[in-house]
Amino acid sequence: MADDPKDWLEVYESVRQETDPGKRLEICRKARRAVQDRLLGPGGDAAEREALEDALRNIWVLEQGIMKSEI
């Protein structure tokens with residue numbers, strides 16, 4: 001992942017725009033990793049931390065929905 005703190009947001013937004021379920025799950029995983037990396041990295045304020053935590057919850061919900069639809 002690049003050093004730009006907002007890279008996670010770009011990947012997260014791409015999840016919300018993707019319509020292909022197969023690609024969407026892959027992008028969810030990339031977004032989750034980017035968000036986790038940002039949470040563990042230096043910098044960021046309380047507002048960004050809250051946005052990151054919200055994004056992680058939303059990604060988890062998306063992943064669960066995608067996996068459930070594949071059953």
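Partners of R49 according to the side chain to side chain donor-acceptor pair (under 3.5 Å) rule, which considers only residues two or more places apart in sequence or in another chain, do not exist here. For E18, the salt bridge (charged side-chain N to carboxylate O under 4.0 Å, His left out) test picks out no residue, with sequence neighbours left out. With sequence neighbours excluded, no residue forms a side chain to side chain donor-acceptor pair (under 3.5 Å) with Q64. A search for side-chain contact (heavy atoms from CB on, under 4.5 Å) contacts involving D54 returns E50, R57, not counting sequence neighbours. Partners of R24 by side chain to side chain donor-acceptor pair (under 3.5 Å), not counting sequence neighbours: none found. Applying the side-chain contact (heavy atoms from CB on, under 4.5 Å) rule to A55 yields the partners W8, Y12, V35; only residues at least two apart in sequence or on another chain are considered.
The pair E13-R16 counts as a salt bridge, with a side-chain nitrogen and a carboxylate oxygen less than 4.0 angstrom apart.
One finds the NZ atom of K30 at 13.0 Å from the CG atom of D7 (value rounded to the nearest 0.5 Å).
Here the side chains of L56 and L39 are in contact, with some heavy-atom distance below 4.5 Å. Two residues are said to be in side-chain contact when any heavy atoms from C-beta on lie closer than 4.5 Å; R33 and Q36 meet this criterion.
Residue W60 shares its hydrophobic cluster (ILVMFWY side chains chained together at separations under 4.5 Å) with V61.
The minimum heavy-atom distance linking R38 with G44 is given by the pair NH2-N, 3.4 Å.
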